[in-house]
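The structure under discussion appears below in the form of structure tokens.
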Amino acid sequence: MTLDLSRIRSALVDAGYFTAVDYVEQTGSTNTDLLERDDVASGTVLLADEQVAGKGRLGRAWSSPKGAQAILSVALQPESVDRLGVLPLAAGLAVTDTIPGAVLKWPNDVHLNGKKLVGILCEAGSRVVIGMGINVTLSKEQLPIAAATSLALEGRDTDRTELIIGVLRNLRRRIDQWEHNDPQLMVDYREVCSSIGKRVRLEAPGGDIHGTVDGVTETGQITIDGVSYSAGDVTHLRVVD
């Protein structure tokens, strides 16, 4: 289904949530576009129907079939980046705010019925950019990994336009909480973080760590048996029996 850009701009720009909503039919990466452009104001949203060189954590690459995902990036110029590690968690939380039943595997993997639904990547350069791709109508054959899913595969008939509006409205609210260091942000995050209380294997360059997830700190670190680890220190987090 074609995006209704007029409706999106009315709901997000005219209503004061964001500065601008730009659109490209195809691009390599919406994150890269916003990082490299000189004319980007804080609060600019970039939407795309297709990405051919998308980016994930740890340099992983992926692409998306045309029209099968809700692809968006948001450019920010925050006053401080002291708590930048919390921003990806806030972005993931905005998606769970929008999609009933979705949960977060630390740090910001959005899961639905035990499978990954959304990819999120935050990057910092001359500005901070939050990017995400939500699997809307991907078939099993189009999924990037076997452990992924899409809203269509989970029986959710979804209007991409309404999904984008909902996610971005919630993202604006969560960004505001992050910028103002509102403690409610992490309270809400912990409520939907499926990793808490689980036995896990944390895969890291220095060796694997086994233990039980105690919680997530105010700065977004995961705590396993009393020791905290940041997302940058972790290659993968796996639940073990």
Side-chain angles (χ1 to χ4, degrees), residues 1-79 81 84-85 87-92 94-95 98 107-110 116-138 142 144 150 160-172 174-175 178-179 231-232:
M1 184 180 294
T2 303
L3 292 177
D4 188 336
L5 295 173
S6 177
R7 185 150 51 108
I8 292 171
R9 288 177 176 132
S10 175
L12 298 176
V13 179
D14 297 348
Y17 287 89
F18 290 96
T19 305
V21 173
D22 297 337
Y23 167 81
V24 291
E25 184 174 341
Q26 182 191 83
T27 188
S29 162
T30 51
N31 267 25
T32 298
D33 291 348
L34 288 184
L35 285 168
E36 293 183 349
R37 277 171 46 184
D38 294 328
D39 60 339
V40 176
S42 184
T44 295
V45 176
L46 179 60
L47 307 176
D49 270 328
E50 183 179 12
Q51 278 193 143
V52 296
K55 296 179 289 183
R57 282 190 69 236
L58 306 174
R60 300 184 182 105
W62 56 275
S63 61
S64 60
K66 185 175 181 179
Q69 286 189 319
I71 300 168
L72 61 94
S73 291
V74 178
L76 302 173
Q77 290 281 11
E79 292 183 2
V81 293
L84 191 59
L87 191 56
L89 282 64
V95 180
T98 312
N108 62 348
D109 280 353
V110 180
K116 185 172 179 178
L117 181 69
V118 184
I120 297 173
L121 180 66
C122 295
E123 297 182 277
S126 58
R127 57 188 64 91
V128 175
V129 174
I130 306 167
M132 65 176 71
I134 307 171
N135 298 338
V136 179
T137 60
L138 274 74
Q142 292 172 322
S150 69
R160 280 196 306 148
T161 293
E162 288 302 317
L163 177 63
I164 287 170
I165 290 170
V167 167
L168 284 169
R169 280 178 169 170
N170 285 318
L171 182 60
R172 177 74 269 172
R174 296 304 185 178
I175 289 170
W178 172 73
E179 289 182 327

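Residues take their numbers from the sequence shown, with the count starting at 1. Please read these numbers as outputs of a predicted model, since none were measured by experiment.
- Under the 3.5 Å distance criterion, the side-chain polar atoms of S150 are left unmatched by any main-chain donor or acceptor of N135.
- Shortest non-hydrogen contact noted between R127 and L34 is NH1-O, 2.6 Å.
- Using a 4.0 Å cut-off between charged nitrogen and carboxylate oxygen, R160 and D49 count as a salt-bridge pair.
- What you find for Y17 and A11 is that their closest heavy atoms are CD1-O, 3.4 Å.
- Atom OG of S29 and atom CD of E123 lie 6.5 Å apart (nearest 0.5 Å).
- Proximity of V74 to F18: side-chain heavy atoms (C-beta onward) are separated by under 4.5 Å at one or more points.
- Atom CG of L72 is separated from atom CG of L46 by 9.0 Å, given to the nearest 0.5 angstrom.
- Proximity of M132 to V167: side-chain heavy atoms (C-beta onward) are separated by under 4.5 Å at one or more points.
- D38 is linked by a salt bridge (charged side-chain N to carboxylate O under 4.0 Å, His left out) to nothing, counting only residues two or more places apart in sequence or in another chain.
- A side chain to side chain contact (heavy atoms under 4.5 Å, CB included) with I165 holds for exactly one of I8, N170, T98; it is I8.
- The closest side-chain heavy-atom distance from L3 to I164 is below 4.5 Å.
- Side chains of T30 and Q51: a donor on one and an acceptor on the other come within 3.5 Å.
- Residues L84 and C122 have side chains not in contact (no heavy-atom distance under 4.5 Å, counting atoms from C-beta outward).
- In terms of modelled atom types and a separation under 3.5 Å, the side chain of T161 and the main chain of D4 share a donor-acceptor contact.
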side-chain contact (heavy atoms from CB on, under 4.5 Å) between Q77 and V128, intermediate numbers included: CA-CA 6 Å; Q77 290 281 11; V128 175; over 6 Å; no
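- Using a 4.5 Å heavy-atom cutoff, the side chains of L12 and R169 are in contact.
- Here the shortest heavy-atom pairing between L171 and I130 reads CD1-CD1, 4.3 Å.
- R37 and D22 are joined by a salt bridge, as a carboxylate oxygen and a charged side-chain nitrogen come within less than 4.0 angstrom of each other.
- Residues P107 and P88 form no side-chain contact, since every pair of their non-hydrogen atoms from C-beta on lies 4.5 Å or further apart.
- In this structure a side-chain-to-backbone donor-acceptor pair under 3.5 Å is missing from S42 to L76.
- A heavy-atom distance below 4.5 Å is not found between the side chains of L35 and V40.
- Every salt bridge (charged side-chain N to carboxylate O under 4.0 Å, His left out) that R174 has, sequence neighbours left out, goes to D97, D188.
- Residues satisfying the salt bridge (charged side-chain N to carboxylate O under 4.0 Å, His left out) criterion with E179, sequence neighbours excluded, are R172.
- You'll find the side chain of Q69 stays beyond 4.5 Å of the side chain of E50, heavy atoms only.
- Between L121 atom CG and N31 atom CG the span is 5.5 Å, to the nearest 0.5 Å.
- Within the model, atoms OG of S126 and CD of E36 stand 9.5 Å from one another, a figure rounded to the nearest 0.5 Å.
- Contact detail for V129 and S73: the closest heavy-atom pair is CG1-CB, 4.0 Å.
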